[in-house]
Visitor: 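Structure in structure tokens, see below.
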Amino acid sequence: MRARPATGRNSRARVFRVALPCLVLMALSGTAATAQTVTPDLFSSTRASQVTSPDSPLRRTAAEANDPLNNPKLQDNDKNRPALSRIGQIPKYGLPAANGAADTGYDSLNRKRKKPKYYPGQARPKPPVGPGSPPPPIASNTRLRLSIPPSESAHKTPIPPAMAGTVVGQPSRKRLRIDDDPFGAVGDYAGSFLIKSAVEFSGGYDTNPGRLAAAQAKPFYVIAPEFLAVSDWERHALVADLRGSFTGYGSNLTPNADGTPLSAPLDIDRPNFIGHVDGRLDVSRDTRLGAQGRLFVSTDNPGSPNVQAGLARYPIYTTVGGTLGVDQSFNRLQVSAGATVDRTDYTNSKLTDGTSSTNDDRNFTQYGGVGRVSYDLRPGLKPFVEVQGDSRVHDLRLDRAGFARDSNGGYVKGGTSFEFSRLLTGEIGVGYAARDYADPRLNRLEGLLVSSSLVWTATPLTTAKFYSDTTITETTLPGTSGVLTHIYTAEVDHDFRRWLTAIGKFTWGDLDYQGNPRRDKIYTLLGEAIYKMNRNLWLRGTLRRDWLDSNLPGNSTVSTVVMLGVRVQN
């Protein structure tokens with residue numbers, strides 16, 4: 001048998017020759033050898049696990065891989081294995097990498113995420129307001145609520161889940177608008193018009209109804225109907241507001257014992273009516289045409305020097321007029337202009353001796369125009385400038401004293417309307433008013449004009465109001481140009497309950513008879529309580545004190561009025 005080469009020895013020699021240099025290099029390099037951690041995902045076929053660096057923080061350690069809580073396979077194999085004890089183990093703080101990753105939400109890799117699923121009819125959440133965006137505005141048809149009323153936090157009777165809206169998957173119930181006046185009239189619809197009507201019956205006692213220096217007290221009654229119709233159209237508008245009253249006394253005043261005439265009529269019954277119909281035609285978004293028709297019926301005020309001595313009853317006068325105008329908006333600039341015409345007529349005066357006297361010299365027609373420019377400077381602040389001019393033409397050129405009463409006049413004023421967080425709203429204006437007469441013996445009537453209307457919502461239950469107005473009225477006093485009247489009113493309303501309201505009001509003013517030494521000051525202090533039984537029936541109680549302080553002796557008067565009434569409305 002022939003001998004063969006030892007192949008095994010040669011193979012071992014070749015392996016040794018290859019391994020020897022490697023061992024020499026490793027010894028010379030001085031680098032410590034480290035063992036690779038063997039984990040279940042080391043030999044995974046997925047590409048991500050093969051290319052992930054062993055130093056990556058996303059790589060799980062051996063302890064985490066062998067933890068039954070993180071390895072479902074170990075959980076299945078050792079279902080009966082008792083839970084590991086945490087006693088003596090070092091706690092781990094912080095969150096591991098990629099903790100909280102979900103299938104929905106933002107993904108930096110722009111991968112498609114799953115959208116959340118909702119029950120049928122379930123309300124979808126609204127996207128949050130982005131940075132820099134203003135908060136959503138408060139709806140104009142809802143009342144601002146400054147605090148939560150006690151009725152919402154008090155214990156209430158349990159209701160079914162379907163009514164409470166707590167059933168899963170139930171469509172959300174639409175909240176009803178908060179009622180601004182829960183005891184106000186609801187009204188009825190006639191076509192596209194909302195109609196509200198009311199009538200108030202009152203009775204009381206007045207210690208000086210004729211405003212005489214020697215007071216005579218009388219009981220009285222008042223009947224006051226009201227009518228309001230408002231259109232409910234998407235465009236254009238039409239509003240009719242009619243309010244009237246009649247004040248009657250049980251008997252006439254007693255004449256003076258010496259036979260001298262009273263400064264007030266014997267019959268002091270007085271009617272009063274004020275009504276207007278306003279219409280608006282929306283030609284375009286920025287152009288609107290407006291019109292108004294008005295009617296005013298009244299008498300001279302008790303205690304006024306215009307009241308003739310020896311009258312049997314007050315003469316009634318009526319003022320009928322109208323306005324036609326246009327409003328044009330240029331972005332935030334608004335320009336308004338209108339033409340006005342008014343006609344005033346007096347009935348004849350009936351005297352106590354059975355005769356009558358004419359009042360044709362007091363009848364006149366007034367023609368005028370008014371213009372207004374306003375600018376929306378910022379939300380809630382709108383300054384304006386207003387100019388008005390008119391001409392009064394009397395039926396008779398000369399009045400009963402021989403003076404020519406035709407005149408030209410007007411006013412100019414500037415101010416602003418404002419709305420500060422709906423707590424303080426209103427308008428205030430200051431200007432100058434003047435009137436020149438055809439008769440050179442009558443001096444110019446002029447003075448400061450103040451006009452304001454402010455409403456301050458101090459609390460949800462308390463509201464403070466302030467009003468002021470300036471008017472120029474005609475007079476029959478010889479040599480007197482007219483009467484410049486300034487009236488100021490401060491009012492506070494407080495709701496003890498939704499159905500119980502108390503009102504306190506104080507009014508003061510001054511009457512300047514220019515061309516005459518007479519100066520009058522008036523003061524009124526009023527307290528009122530309203531008990532609202534329901535939407536259709538109110539009870540009202542009023543206590544009022546009136547003062548007329550004149551610089552001429554014998555013209556100052558004082559009166560106290562007590563009145564109780566019931567209001568029926570729909």
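Counting from 1, the numbers follow the sequence of the chain as shown.
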Visitor: State which residue, out of Leu500, Leu537, Asp181, fulfils the side chain to side chain contact (heavy atoms under 4.5 Å, CB included) condition with Lys532.
Guide: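 Running side chain to side chain contact (heavy atoms under 4.5 Å, CB included) over Leu500, Leu537, Asp181 with Lys532 returns exactly one hit, Asp181.
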
Visitor: Do Asp206 and Arg544 sit within salt-bridge range, that is, some charged N less than 4.0 Å from a carboxylate O?
Guide: no

Visitor: Under 6.0 Å between ring centres: does that hold for Trp538 and Tyr531?
Guide: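 Centroid separation for Trp538 and Tyr531: 6.0 Å or greater.
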
Visitor: For Arg497, I'd like to know if atom CZ has over 12 heavy atoms of other residues, nucleotides or ligands within 6.0 Å.
Guide: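 Result for CZ/Arg497: open.
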
Visitor: What is the minimum heavy-atom distance between Val455 and Thr463, and which atoms define it?
Guide: CG1-CG2, 3.8 Å

Visitor: Could you measure the distance from the CG atom of Asn443 to the OH atom of Tyr437? Nearest 0.5 Å is fine.
Guide: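 Here the interatomic distance stands at 10.5 Å.
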
Visitor: Indicate whether any N or O donor in one side chain lies under 3.5 Å from an N or O acceptor in the other, for Arg343 and Asn363.
Guide: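 No, because no side-chain N or O of Arg343 sits under 3.5 Å from a partner of the opposite role on Asn363.
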
Visitor: Do the side-chain N and O atoms of Ser251 and Lys218 include a donor-acceptor pair separated by under 3.5 angstrom?
Guide: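 Yes, Lys218 and Ser251 have a side-chain donor paired with an acceptor closer than 3.5 Å.
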
Visitor: Mark yes or no: Arg498 above the aromatic ring of Phe183, with NZ or CZ under 6.0 Å from the six-membered ring centre and no more than 45 degrees from the axis.
Guide: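 Arg498 over Phe183 ring: no.
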
Visitor: Evaluate the side-chain proximity of Ile428 to Val450: yes if any heavy-atom separation is below 4.5 Å, no if none is.
Guide: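 Side chain of Val450 against side chain of Ile428, heavy atoms only: no contact under 4.5 Å found.
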
Visitor: Is there a donor in the side chain of Asp520 and an acceptor in the side chain of Asn555, or the other way round, less than 3.5 Å apart?
Guide: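 No, no side-chain donor-acceptor pair sits under 3.5 Å.
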
Visitor: Could you tell me how the ring of Tyr488 sits relative to the ring of Trp508: parallel (under 30°), tilted (30 to 60°) or perpendicular (over 60°)?
Guide: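 Ring orientation of Tyr488 relative to Trp508: parallel.
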
Visitor: Should Arg435 and Glu474 count as an ion pair when the cut-off is N to O under 4.0 Å?
Guide: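 Result for this pair is no, no salt bridge flagged.
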
Visitor: Anything under 30° is parallel, anything over 60° is perpendicular, the rest tilted; go ahead and classify Phe364 against His394.
Guide: tilted

Visitor: Let me have the donor-acceptor pairs involving side chains of residues 413-420, under 3.5 Å, with sequence neighbours excluded, atom names and distances please.
Guide:
residue	atom	partner	partner atom	Å
Thr416	OG1	Lys382	O	3.3
Ser417	OG	Lys382	O	3.4
Glu419	OE2	Arg422	NH1	2.6

Visitor: Check whether any side-chain N or O of Arg535 sits under 3.5 Å from a backbone N or O of Pro182 as a donor-acceptor pair, and report yes or no.
Guide: yes

Visitor: Are the side chains of Tyr249 and Pro209 in touch, meaning some heavy atoms are under 4.5 Å apart?
Guide: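 Sidechains of Pro209 and Tyr249: in contact.
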
Visitor: Roughly how far, to the nearest 0.5 Å, is the CG atom of Asp395 from the CG atom of Asp345?
Guide: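 Here the rounded value is 7.0 Å.
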
Visitor: Strictly distance-based, threshold 3.5 Å: is any side-chain N or O of Ser453 a donor or acceptor partner for the main-chain N or O of Glu427?
Guide: no

Visitor: Quick one about Thr323 and Thr340 (side-chain donor to acceptor, distance below 3.5 Å, no hydrogens or angles considered), yes or no?
Guide: no

Visitor: Salt-bridged, Asp267 to Lys350, with N to O below 4.0 Å?
Guide: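 Between Lys350 and Asp267 there is no salt bridge, as every charged N stays at least 4.0 Å from the carboxylate O atoms.
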
Visitor: In terms of side-chain heavy atoms, does Ser556 have a donor or acceptor partner in Ser550 at a distance below 3.5 Å?
Guide: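 No donor-acceptor contact under 3.5 Å links the two side chains.
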
Visitor: To the nearest 0.5 Å, how far apart are CG in Asp399 and CG in Asp406?
Guide: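 The CG atom of Asp399 sits 10.5 Å away from the CG atom of Asp406.
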
Visitor: Can you see which heavy atom on Arg400 is nearest to which on Thr358, and at what distance?
Guide: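 Smallest heavy-atom distance, with atoms named: NH2-O, 3.8 Å.
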
Visitor: With a 3.5 Å distance limit and no angle check, can you tell me whether His236 reaches the backbone of Asp282 through a side-chain donor-acceptor pair?
Guide: yes

Visitor: Whether the Asp327 and Ser336 side chains hold a donor-acceptor pair (N or O, under 3.5 Å, no angle test) is what I'd like checked.
Guide: yes

Visitor: I need the Gln308 CD to Asp300 CG distance, nearest 0.5 Å.
Guide: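 With rounding to 0.5 Å, CD (Gln308) is 9.0 Å from CG (Asp300).
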
Visitor: Specify the closest pair of heavy atoms between Arg519 and Asn516, including all atoms of both residues, with the distance to one decimal.
Guide: NH1-O, 2.6 Å

Visitor: Using modelled atom types and a 3.5 Å cut-off, is there a donor and acceptor pairing between side-chain atoms of Gln569 and backbone atoms of Gly184?
Guide: no

Visitor: Which pair of heavy atoms, one from Ala215 and one from Thr207, lies closest together, and at what distance?
Guide: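 In terms of heavy atoms, the two residues are closest at CB-O, 3.7 Å.
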
Visitor: Counting N and O atoms only, with roles assigned by atom type, does the side chain of Asp439 sit under 3.5 Å from a partner on the main chain of Phe403, one being a donor and the other an acceptor?
Guide: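 Checking the backbone N and O of Phe403 against the side chain of Asp439, no donor-acceptor pair under 3.5 Å is found.
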
Visitor: Rounded to the nearest 0.5 Å, what's the gap from CG on Asp512 to CZ on Arg518? Could you check?
Guide: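 The CZ atom of Arg518 is 12.0 Å from CG of Asp512, to the nearest 0.5 Å.
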
Visitor: Going by heavy atoms in the side chains, are Lys505 and Thr489 under 4.5 Å from each other?
Guide: yes

Visitor: Taking atom types as modelled and ignoring hydrogens, do the side chains of Gln334 and Ser329 form a donor-acceptor contact shorter than 3.5 angstrom?
Guide: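 No pair is found: no donor N or O on one side chain lies under 3.5 Å from an acceptor on the other.
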
Visitor: Could you state the interatomic distance from OG (Ser559) to CH2 (Trp547), rounded to the nearest 0.5 Å?
Guide: 10.5 Å

Visitor: Should the pair Asp436-Arg444 be classified as a salt bridge under the 4.0 Å nitrogen-to-oxygen rule?
Guide: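 Arg444 and Asp436: salt-bridged.
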
Visitor: Tabulate below the donor-acceptor pairs under 3.5 Å that side-chain atoms of residues 196-205 make, not counting sequence neighbours, or state none.
Guide:
residue	atom	partner	partner atom	Å
Lys196	NZ	Ala185	O	3.3
Glu200	OE2	Arg540	NE	2.8

Visitor: For Arg294, run the salt bridge (Lys or Arg N to Asp or Glu O under 4.0 Å) check against Asp342, Asp278, Asp241 and tell me which one passes.
Guide: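 By the salt bridge (Lys or Arg N to Asp or Glu O under 4.0 Å) criterion, Arg294 pairs with just one of Asp342, Asp278, Asp241: Asp342.
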
Visitor: Can you give me the closest heavy-atom contact between Phe220 and Thr247, atom names plus distance?
Guide: CD1-CG2, 4.2 Å

